[in-house]
Amino acid sequence: MRQLPLENPGTADHRSAGRFLWWMAKGQWRTLVMGMVFGIIWMSAQAVMPAVIGRAIDDGVAAKNSAELLRYAGILFAIGLVQAVSGIMRHRFAVTNFLTAAYRTVQLIARQVVRLGGTLPRKVSTGEVVAIGNTDLSSLGQVMDVTARFAGAIVSFVLVSVILLQTSTTLGLLVLLGMPALMLLIGPLLAPLQRRSAVHRDLMGELSNTASDIVSGLRVLRGIGGEQVFLDRYRRESQRTRRAGVRVARVQSVLDALQVFLPGLFVVVVVWLGARYAVEGRISAGELVAFYGYAAFLLLPLRTATEYANKVIRARVAARRVCRVLALEPDLRPVPTPEPSPPVGSTLVDTRTGFSARPGLLTAVVSEQPDDSAHLADRLGLHTPEPDDEVRLGGVPLTRLDPSEVRTRVVVSDTGSSLFMGRLRDRLALADADDEAIALALHAASAEDVLEALEGGLEGEVAEKGRSFSGGQRQRLVLARALLTDPEILVLVEPTSAVDAHTESRIAARLREHRAGRTTVVTTSSPLMLDEADVVAFLVRDRVVATGTHRELLDTHPAYRATVTREAAMEEAR
């Protein structure tokens, strides 16, 4: 599937929404055309039925001609068969168009999510993405669905107008001019409906985001007694969303009512004029019945046209939201002419902080403020909002290398990493990995007990976000997953913050052994982990002020000793 062509990808205005809908239609034009063909045949078959019935009445019933009556009955039967077959095919293509549009949008969003990576949570809320899946997919699919019937409505309207003009110029002109006039009466409602729908859609995205936050933080909320506070917040936002929905429904209800009232009034006028012409002898009884049939039939094209306008409005609102996500750019963008790849085993350096990760060593980063060391980890992997040229691998800025190479050679696993729902084997081994490699990674992360406790072992199912595991179990599984990627440089952010001291000691020793000969960076202030590190860098206000082994810094640097021993005292208190 080709990338969506947008002239200005930084915006999601009406023009980009219209281009998106046009692009979607072009991508499935074959099924759209087939649906329109069968929609035209389906409605045209209904449109000519009143004419055949009128002729049957005049030439068969009124003339008492059984042969003509049977002939027209056969014609009606044939038209009915055509209508039935074309109606079935039209519906099949309508459903196909709906599903194709919906799932193509899913593919676009999924590919964009993968492309954005860690950029996505910083620029789009979870609720916004959820709302696209819950609401926008349906709106985009419905406009493709109704297109077939709308094409049939236009053609059948022209067909009926031509037939009426041949029978009665006055009635033909009434239909030909009256139908567009009715559409113009409904037109002023469409703009308010679009504005209110857009507001309602925004509020739905915010409400979904609030619900997602509450669900993900429910355990913490219960721990601090904050359930009622967030419940009240959700209630207020849901009521605001409900009121916005009611405002949409008010306009929608007027539109729906006019779809019934105006065509009904139109039918009354046409039948009244037809009846007067029949009394005056200007048209026959069969033509009067035909006129009534035309008037009743024209309800369908008119309602289809207004439905199409309504669906287009909702689809444009949905398309703007989708375009807003598709217009986002990742923080790490492709380099037109990337620099030659540094050799394997190059040193990773951050010139801003003075940090250096020498090849083949386990380097620990200690900071009084954990956010400072976490920010350094993000810088080393180019996961900051605005990457710069100050992080270099073998003297080459990471920003001048191909992004895929950077992501392959430098892997950052932070405390926000989570497990996806599905089979544990697939959640751990992101690439092909045999059971032996998985077992080694689980051993290094001291996670064998988690595997044994899970029913089915590697074939067992992981709950959403790994919620069936404790915090320590999830952290160890995430560490095992990071180890299975086996990158040249692995950056781990507080990988043992949620485990007990005995488990942490095992992980520290096994991590060093598992990553022997490869570059590993760990942000931590735990003495158990620091004691296994080859080099420790002490970070103060985004500057490395001291480096050495853990024991050396304890003896020579008071600020480092205060930071680490405070952590040790807390561990002893626990």
Side-chain angles (χ1 to χ4, degrees), residues 2-3 5 9-10 111-120 122-123 328-365 373-414 417 429-433 437 441 481-493 511-512 514-523 533-537 539 542-544 547:
R2 295 172 298 172
Q3 180 65 33
R111 292 183 183 185
Q112 177 71 344
V113 168
V114 172
R115 176 172 172 260
L116 292 173
T119 304
L120 181 68
R122 290 193 289 267
K123 295 186 177 182
L328 298 177
E329 289 293 333
D331 296 331
L332 189 58
R333 301 186 183 184
V335 181
T337 54
E339 297 284 340
S341 300
V344 176
S346 299
T347 302
L348 181 65
V349 177
D350 178 21
T351 57
R352 177 188 296 184
T353 61
F355 173 79
S356 175
R358 288 183 285 170
L361 299 183
L362 173 60
T363 305
V365 180
S373 55
H375 181 66
L376 172 60
D378 286 339
R379 286 176 53 77
L380 295 177
L382 293 187
H383 290 289
T384 53
E386 296 181 0
D388 51 50
D389 292 343
E390 294 176 320
V391 180
R392 305 185 176 191
L393 180 62
V396 179
L398 292 185
T399 53
R400 298 182 187 176
L401 296 175
D402 185 84
S404 61
E405 179 183 0
V406 175
R407 293 289 180 251
T408 301
R409 299 182 67 172
V410 183
V411 172
V412 179
S413 178
D414 59 26
S417 301
L430 303 183
D432 293 335
R481 182 179 64 188
L483 293 174
L484 275 169
T485 61
D486 196 26
E488 177 186 343
I489 301 173
L490 178 61
V491 182
L492 301 172
V493 179
L511 177 63
R512 178 187 178 88
H514 187 86
R515 292 285 300 171
R518 285 158 294 179
T519 308
T520 307
V521 179
V522 180
T523 70
D534 297 305
V535 180
V536 178
L539 187 68
D542 286 336
R543 290 295 303 175
V544 174
T547 58

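These numbers come from a predicted model, not from an experiment. The residues of the chain are indexed from 1 along the displayed sequence.
S346 places no side-chain N or O within 3.5 Å of a backbone atom of P342 that could act as its donor or acceptor partner. Not one N or O on the side chain of T363 forms a donor-acceptor pair closer than 3.5 Å with the backbone of A357. Judged purely by atom type and a 3.5 angstrom limit, E488 uses its side chain to pair as donor or acceptor with the backbone of G345. Side chain of E329 to backbone of L116: no donor-acceptor contact under 3.5 angstrom is found. Remark: side-chain polar atoms of R407 are paired, donor with acceptor, to backbone N or O of G381 under 3.5 angstrom.
Between R515 and D486, at least one side-chain N (NZ, or NE/NH1/NH2) sits under 4.0 Å from a carboxylate O, which counts as a salt bridge. Taking a cutoff of 4.0 Å between a charged side-chain nitrogen and a carboxylate oxygen, R358 and D534 do not qualify as a salt bridge. A salt bridge does not link R392 with D350: none of the charged nitrogens is closer than 4.0 Å to a carboxylate oxygen.
For the atom pair T347 OG1 and L361 CG, the distance stands at 9.0 Å (nearest 0.5 Å). Note that CG of L511 is 6.0 Å distant from CG of L483, once rounded to the nearest 0.5 Å. Atom CG of L398 sits about 10.0 Å away from atom CZ of R379, to the nearest 0.5 Å. The distance from the CG atom of L376 to the CZ atom of F355 is 6.0 Å, given to the nearest 0.5 Å. To the nearest 0.5 Å, atoms CZ (R352) and CG (D388) are separated by 5.0 Å. To the nearest 0.5 Å, atom NE2 of residue H514 and atom OG1 of residue T520 are 9.0 Å apart.
Checking S341 against E405 by side-chain atom types alone, a donor-acceptor pair falls below 3.5 Å. Defined by atom type and a distance below 3.5 Å, a donor-acceptor pair is missing between the side-chain atoms of D542 and T353.
Between L348 and L380, some side-chain heavy-atom pair lies under the 4.5 Å cut-off. Using a 4.5 Å heavy-atom threshold, the side chains of L490 and V521 count as separate.
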